[in-house]
Amino acid sequence: MSSALSFEVFPPNTQIGTEKLFKTLKELQQLEPDFISVTCSNNRQTIEETTLKVADYIHRKLKVPTIAHLPAAYLSQSQLAELVKRLDQIGINQILALRGDILPDLPPKKDFVYASDLIQYVKREAPHLHISGACYPESHPESLNRIEDIKQLKHKVAVGCEQLITQLFFDNDLFYQFQESCYLADIKVPILAGIMPIVNRNQALRLIKTTNTKLPRKFLAILEKYEHDPVALREAGLAYAIDQIVDLTTQDVSGIHLYTMNNAEVAKHIYHNTKNVLNGQWKAG
């Protein structure tokens with residue numbers, strides 16, 4: 001299974017935020033994405049009350065294919081079994097298996113240490129589920145090196161991961177190098193390119209502070225030049241993301257996964273400015 005265009009959303013912490021997200025999702029529905037993925041926190045109650053609630057709405061109300069994120073580190077086998085049962089009741093047959101961030105004040109559970117452990121369990125107990133996994137074009141931040149990272153990724157695919165979605169990146173050359181490494185390692189599942197449009201200064205500052213993502217000179221120049229001009233920064237950030245997508249499409253990437261930050265206007269702007277390119281490659285449009 002591969003995708004042309006897909007979106008990621010996150011469940012808000014408030015009822016007002018959830019209502020706003022549902023309005024956003026109705027707008028995203030009109031773009032006919034291949035799927036919409038719904039993120040989660042490491043708290044099981046949050047998964048049931050927010051992630052599955054949003055995924056249920058997307059799947060049953062909007063009739064859009066949905067992927068629910070599941071974090072391995074904070075799930076027990078019994079909890080995972082209950083979540084799989086609930087997904088079956090809703091009719092969702094896709095998950096994104098993650099290890100999840102390890103919280104400093106909350107020790108992880110022992111049932112699934114890595115995402116590959118969760119994948120192996122799900123593939124055995126619920127083989128009807130289609131499993132996606134995360135990957136890092138610049139290597140996982142906790143990996144010793146690129147070789148070890150690719151080795152672990154190959155194991156993830158070997159135990160049942162059928163599709164990979166990258167973390168965000170801003171340097172397409174790094175993605176192409178990563179893609180070549182996967183090819184040489186005989187990793188043959190589709191790899192979807194994760195793109196996050198940067199449209200405001202606070203978002204950019206959080207990105208710089210919390211990630212190890214390489215920021216190319218061209219990208220940094222945009223942040224510096226338009227730091228105090230929010231309208232120009234938004235326009236330049238959108239143009240940068242569009243340029244990435246056009247380049248990736250011409251290189252026959254398996255799909256684009258857009259990190260929407262729950263912003264329908266950003267997603268629509270990018271879609272309408274790339275749809276002819278997308279139509280030339282895929283069915284979306």
Side-chain angles (χ1 to χ4, degrees), residues 1-11 21 24-25 27-29 31-40 51 54-55 58-59 62 64-71 92 94-98 115 130-138 140 153 156-157 161-172 174-176 178-179 182 187 189-199 203 207 211 213 237-238 240-264 266-275 277-279 281-285:
M1 173 182 173
S2 62
S3 301
L5 178 66
S6 55
F7 302 128
E8 180 174 292
V9 299
F10 62 88
L21 173 59
T24 293
L25 288 167
E27 295 184 65
L28 295 179
Q29 176 196 32
L31 306 184
E32 299 181 354
D34 275 38
F35 67 83
I36 298 176
S37 72
V38 186
T39 67
C40 63
T51 300
V54 173
I58 295 169
H59 177 76
L62 301 182
V64 175
T66 311
I67 293 181
H69 293 213
L70 297 181
I92 294 173
Q94 301 184 79
I95 66 167
L96 176 64
L98 305 160
H130 181 276
I131 306 174
S132 295
C135 60
Y136 296 76
E138 300 168 67
H140 191 285
L153 193 60
K156 187 186 293 187
V157 171
C161 180
E162 300 164 79
Q163 176 173 266
L164 295 169
I165 302 175
T166 78
Q167 294 295 309
L168 60 92
F169 62 91
F170 299 96
D171 187 336
N172 283 7
L174 291 176
F175 173 82
Y176 298 136
F178 168 72
Q179 197 175 44
C182 289
I187 297 173
V189 298
I191 303 175
L192 311 189
I195 300 296
M196 177 182 284
I198 301 299
V199 296
Q203 184 187 15
L207 175 77
T211 73
T213 303
L238 287 170
Y240 191 94
I242 289 168
D243 185 61
Q244 276 192 280
I245 292 170
V246 170
D247 178 63
L248 289 161
T249 303
T250 60
Q251 299 297 321
D252 299 327
V253 68
S254 294
I256 299 295
H257 188 63
L258 196 66
Y259 295 105
T260 69
M261 301 304 292
N262 294 2
N263 189 324
V266 167
K268 289 193 293 184
H269 179 88
I270 289 176
Y271 171 79
H272 288 301
N273 282 275
T274 58
K275 64 179 180 179
V277 175
L278 297 175
N279 275 330
Q281 178 89 9
W282 301 307
K283 67 179 178 65

| side chain to side chain contact (heavy atoms under 4.5 Å, CB included) between Phe35 and Ile58, intermediate numbers included | CA-CA 9 Å; Phe35 67 83; Ile58 295 169; over 6 Å; no
| said: Pair Leu168, Leu207 - check side chain to side chain contact (heavy atoms under 4.5 Å, CB included), show working. | reply: CA-CA 10 Å; Leu168 60 92; Leu207 175 77; 3.7 Å; yes
| said: One pair to check against side chain to side chain contact (heavy atoms under 4.5 Å, CB included): Ile187 and Val189. What are the steps and the verdict? | reply: CA-CA 6 Å; Ile187 297 173; Val189 298; 4.2 Å; yes
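Residue His59 holds its NE2 atom at 10.0 Å from CD of Gln94, rounded to the nearest 0.5 Å. Ile131 CD1 to Ile95 CD1: the interatomic distance, rounded to the nearest 0.5 Å, is 5.0 Å. To the nearest 0.5 angstrom, Leu258 atom CG is 8.5 Å from Ser6 atom OG. With rounding to the nearest 0.5 Å, the separation of CG in Leu62 from CD1 in Ile36 is 7.0 Å. The distance from the CD1 atom of Ile67 to the OG atom of Ser37 is 6.5 Å, given to the nearest 0.5 Å. Atom CG of Leu192 sits about 11.5 Å away from atom CD of Glu8, to the nearest 0.5 Å.
Side-chain atoms of Tyr240 come within 3.5 Å of backbone atoms of Phe170 as a donor-acceptor pair (strictly under, hydrogens ignored). Thr166 places a side-chain N or O within 3.5 Å of a backbone atom of Gly194 that can act as its donor or acceptor partner. The closest donor-acceptor contact from the side chain of Thr66 to the backbone of Val64 lies under 3.5 Å. Within the 3.5 Å criterion, the main-chain N or O of Tyr136 finds no donor-acceptor partner in the side chain of Gln167.
Residues that satisfy the side-chain contact (heavy atoms from CB on, under 4.5 Å) test with Gln203, not counting sequence neighbours, are Met196, Ile198, Val199, Asn200, Arg206, Met261. Checked against salt bridge (Lys or Arg N to Asp or Glu O under 4.0 Å), Asp247 has no partners two or more places apart in sequence or in another chain. Remark: Leu98 pairs with His69, Leu96, Ala134 by the side-chain contact (heavy atoms from CB on, under 4.5 Å) rule, at least two apart or across chains. In terms of the side-chain contact (heavy atoms from CB on, under 4.5 Å) criterion, residue partners of Pro11 (sequence neighbours excluded) are, by chain and number, Val38, Thr39, Thr50, Thr51, Val54. With sequence neighbours excluded, the residues forming a side-chain contact (heavy atoms from CB on, under 4.5 Å) with Asn262 are Val9, Phe10, Pro12, Leu21, Thr260, listed by chain and number. Applying the side chain to side chain donor-acceptor pair (under 3.5 Å) criterion to Asn273, with sequence neighbours excluded, gives no partner residue.
Side-chain contact check for Asp34 versus Pro65: every heavy-atom pair is 4.5 Å or farther apart. Side chains of Gln179 and Tyr176 form a contact here, defined as non-hydrogen atoms less than 4.5 Å apart.
The aromatic rings of Phe169 and Phe175 sit parallel to each other, their planes meeting at less than 30°, with 60° as the upper class boundary.
In this structure, the ring of His257 has its center less than 6.0 angstrom from the ring center of Tyr259.
When all heavy atoms of Ile256 and Val253 are compared, the closest pair comes out as CD1-CG1, 4.1 Å. Shortest non-hydrogen contact noted between Ala241 and Ile195 is CB-CG2, 4.1 Å. The two residues Ala97 and Ala115 come nearest to each other via the heavy atoms O-CB, 3.9 Å. Taking all atoms of both residues into account, the shortest heavy-atom contact from Lys268 to Glu27 is NZ-OE1, 2.6 Å. The shortest heavy-atom contact between Cys161 and Ser132 is SG-C, 3.8 Å. Nearest approach of Ser254 to Pro190, heavy atoms of both residues: OG-CA, 3.8 Å.
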